[in-house]
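Just so it is clear, the values below take in all heavy atoms, side chains as well, and ignore hydrogens, waters and symmetry mates. None of the values given here were measured: they were computed from a predicted structure.
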Amino acid sequence: MARSMIIIMLLITMLGTSIPVSAQESKDTPQPLDEKMELFQRMGTLTGIPWYYLAAINQYEKNVQKRSKNEEQDKPRLISINIPPQKWGGFLNPNPDETSPTSIDFFNGLGKDGSGDNMADSADDEDVLYTIATYISKYGFTEDDIRIALWEYYRSDKTVDIISEFAQIFQTFQTIHLNDSAFPLPLRSDYSYRSTWGDARGWGGRRIHEGTDLFAHHGTPVRSVCYGYVEVKGWNRYGGWRIGIRDLNNVYHYYAHLGGFNKNIKIGDIVKPGDVVGWVGSSGYGNPGTSGKFPPHLHYGMYKYNGKTEWAFDPYPHLKKWERNEYRKSKKK
């Protein structure tokens with residue numbers, strides 16, 4: 001009997017230790033975002049370029065570039081940065097797929113070996129990040145130095161500004177896990193809206209309505225829908241008191257006809273979903289201070305920038321999705 005009990009206890013012990021180990025291994029399996037974060041931090045430590053700038057460059061390129069299907073099938077990548085062959089291997093290099101560090105140096109290319117395999121592969125995430133970080137480090141390590149390096153690489157003031165904004169967002173929250181969202185008005189408030197995209201507008205000339213109007217009472221809080229950087233705050237003759245926030249998807253969020261701003265928020269600040277940026281009003285259609293030409297409401301618009309041009313798109317589907325998501329979250333509490 002005693003021997004049987006010992007055997008049973010041993011079996012229980014074995015099962016009890018094996019199951020948690022398996023579960024822990026599954027729990028600790030690196031996820032793509034965690035792998036990317038680790039890669040940014042490692043390359044930042046290795047080169048002295050802050051990890052959040054490397055993450056910002058990657059985020060910008062993710063928004064403006066598309067990978068070919070062949071590239072995705074051949075070698076799935078974590079990093080979205082694509083360095084053109086002419087820059088990677090050197091402008092006069094006859095081999096567009098050059099991987100030899102010696103040849104790349106000979107032709108004054110940027111490509112570097114960041115993985116330690118004696119190859120500078122433009123499709124290798126470590127090599128690409130190390131190359132970008134090494135390029136930037138030649139200009140210095142201050143914020144101004146990094147901005148100069150980015151301008152020399154992209155030759156675009158707007159690109160430099162956006163990457164710098166992304167970097168500040170990542171630095172503020174110390175993570176790249178920033179996918180939450182919020183509905184622009186409190187769900188408990190009295191509001192209504194429908195799809196008003198493309199409706200005709202007459203004041204100031206014939207034009208279409210580039211956004212969605214959310215009708216609510218004067219003073220209803222207006223909230224940021226995203227993690228973002230405050231780019232614009234002030235008066236616009238069409239939108240009245242308005243605020244503009246750029247998110248990590250390179251989308252500019254436009255909140256107009258406000259009755260007032262959150263005085264604690266200024267241009268250059270970082271906001272998160274749910275932060276109050278202002279209050280519903282009826283300002284606009286005239287000189288600064290003009291108000292009351294229409295019922296109080298929030299005009300909300302979304303504008304996408306692809307690295308070359310910026311265009312408006314219908315925010316209504318996003319508003320419905322954010323509203324549903326917030327209702328679900330509130331029910332779980």
Show the nearest heavy-atom pair for residues [X] and [Y], with the distance to one decimal.
| X | Y | answer |
| --- | --- | --- |
| Asp125 | Leu78 | OD2-N, 2.9 Å |
| Asp113 | Ala120 | N-CB, 4.0 Å |
| Pro94 | Phe107 | CD-CZ, 3.7 Å |
| Ala149 | Tyr139 | CB-CD1, 3.5 Å |
| Ala56 | Ile163 | CB-O, 3.3 Å |
| Ser80 | Asn58 | N-OD1, 2.6 Å |

Do side-chain atoms of [X] reach the backbone of [Y] as a donor and acceptor pair under 3.5 angstrom?
| X | Y | answer |
| --- | --- | --- |
| Asp269 | Lys266 | yes |
| Arg223 | Phe183 | yes |
| Lys293 | Gly286 | no |
| Ser282 | Pro296 | no |
| Asn63 | Gln59 | yes |
| Thr196 | Gly211 | yes |
| Glu165 | Tyr229 | no |
| Lys304 | Asn249 | yes |
| Asn93 | Gly89 | yes |

Is it the case that one hydrophobic cluster holds both [X] and [Y], taking links as side-chain heavy atoms less than 4.5 Å apart, direct or via other members?
| X | Y | answer |
| --- | --- | --- |
| Ile104 | Ile81 | yes |
| Ile162 | Tyr254 | no |
| Ile169 | Val160 | yes |
| Trp88 | Tyr130 | yes |
| Tyr52 | Val230 | no |

Report task. Any chance you could lay out the salt bridge (Lys or Arg N to Asp or Glu O under 4.0 Å) test for Asp161 and Arg147, step after step, and finish with the verdict? Result -> CA-CA 8 Å; Asp161 288 340; Arg147 287 181 62 90; 2.7 Å; yes

Query - Check against salt bridge (Lys or Arg N to Asp or Glu O under 4.0 Å), Arg77 and Glu61 - result: CA-CA 13 Å; Arg77 292 179 56 193; Glu61 296 235 2; over 6 Å; no

Can you find a pair of side-chain heavy atoms, one from [X] and one from [Y], that are under 4.5 Å apart?
| X | Y | value |
| --- | --- | --- |
| Asn306 | Trp311 | yes |
| Asp34 | His177 | yes |
| Leu298 | Leu258 | yes |
| Phe40 | Ile176 | yes |
| Thr99 | Asp97 | no |
| Trp279 | Pro221 | yes |
| Ile132 | Tyr153 | yes |
| Tyr255 | Ile245 | yes |

Requested in this report: Can you spot which of His253, His318, His257 makes a side-chain hydrogen bond (donor to acceptor under 3.5 Å, both in side chains) with Tyr300?
Outcome: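 Of all the options given, the one that passes is His253.
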
Query - Member of Lys36, Gln41, Arg42 meeting the side-chain hydrogen bond (donor to acceptor under 3.5 Å, both in side chains) criterion with Glu38 - result: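 Testing Glu38 for a side-chain hydrogen bond (donor to acceptor under 3.5 Å, both in side chains) against Lys36, Gln41, Arg42 leaves exactly one candidate, Arg42.
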
Please indicate whether [X] has more than 12 foreign heavy atoms, meaning atoms of other residues, nucleotides or ligands, lying under 6.0 Å from its [atom1].
| X | atom1 | value |
| --- | --- | --- |
| Phe91 | CZ | no |
| Phe106 | CZ | no |
| Arg155 | CZ | yes |
| Lys272 | NZ | no |

Query - CA sep, side-chain torsions, deciding dist, call: Glu126, Leu39, side-chain contact (heavy atoms from CB on, under 4.5 Å) - result: CA-CA 7 Å; Glu126 291 181 290; Leu39 192 55; 3.7 Å; yes

Rounded to the nearest 0.5 Å, how far does [atom2] of [Y] lie from [atom1] of [X]?
| X | Y | atom1 | atom2 | result |
| --- | --- | --- | --- | --- |
| Ser291 | His218 | OG | NE2 | 5.5 Å |
| Tyr53 | Ile146 | OH | CD1 | 5.0 Å |
| Glu98 | Met119 | CD | CE | 9.5 Å |
| Lys62 | Leu248 | NZ | CG | 9.5 Å |
| Glu323 | Leu185 | CD | CG | 9.5 Å |
| Ile49 | Asp145 | CD1 | CG | 8.5 Å |

Query raised in the report: Can you name the residues that form a ring-ring contact (aromatic ring centres under 6.0 Å, His included) with Trp235, not counting sequence neighbours?
Result: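 Residues passing ring-ring contact (aromatic ring centres under 6.0 Å, His included) with Trp235: Trp241.
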
Query raised in the report: Got a sec, which residues hit ring-ring contact (aromatic ring centres under 6.0 Å, His included) with Tyr305, two or more places apart in sequence or on another chain?
Result: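 Partners of Tyr305 under the ring-ring contact (aromatic ring centres under 6.0 Å, His included) test: none.
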
**Report entry** Lys NZ or Arg CZ of Lys112 over Tyr135 ring: under 6.0 Å, within 45°
**Finding:**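 Lys112 over Tyr135 ring: no.
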
Query raised in the report: Do the rings of Phe170 and Trp51 sit parallel, tilted or perpendicular, given the 30° and 60° boundaries?
Result: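 It falls in the tilted class, 30° to 60°.
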
Report task. Over 60° means perpendicular and under 30° means parallel, so classify the ring planes of His297 and Phe215, tilted if in between. Result ->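 Tilted: the ring planes of Phe215 and His297 meet at 30° to 60°.
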
Query raised in the report: Between Leu319 and Tyr193, is a side-chain contact (heavy atoms from CB on, under 4.5 Å) present by the stated rule, with each step listed?
Result: CA-CA 10 Å; Leu319 289 167; Tyr193 69 104; 4.0 Å; yes

Requested in this report: Report the C-alpha distance between Asp127 and Ser115 in whole Å, list the side-chain angles of each, state the deciding distance to 0.1 Å, and finish with yes or no for side chain to side chain donor-acceptor pair (under 3.5 Å).
Outcome: CA-CA 6 Å; Asp127 291 355; Ser115 60; 3.3 Å; yes

Query - Tyr252 vs Val232, side-chain contact (heavy atoms from CB on, under 4.5 Å): CA-CA, chis, key distance, verdict - result: CA-CA 10 Å; Tyr252 177 79; Val232 173; 3.5 Å; yes

**Report entry** Evaluation steps, side-chain contact (heavy atoms from CB on, under 4.5 Å), between Ile136 and Ile57
**Finding:** CA-CA 11 Å; Ile136 294 174; Ile57 295 169; 3.6 Å; yes

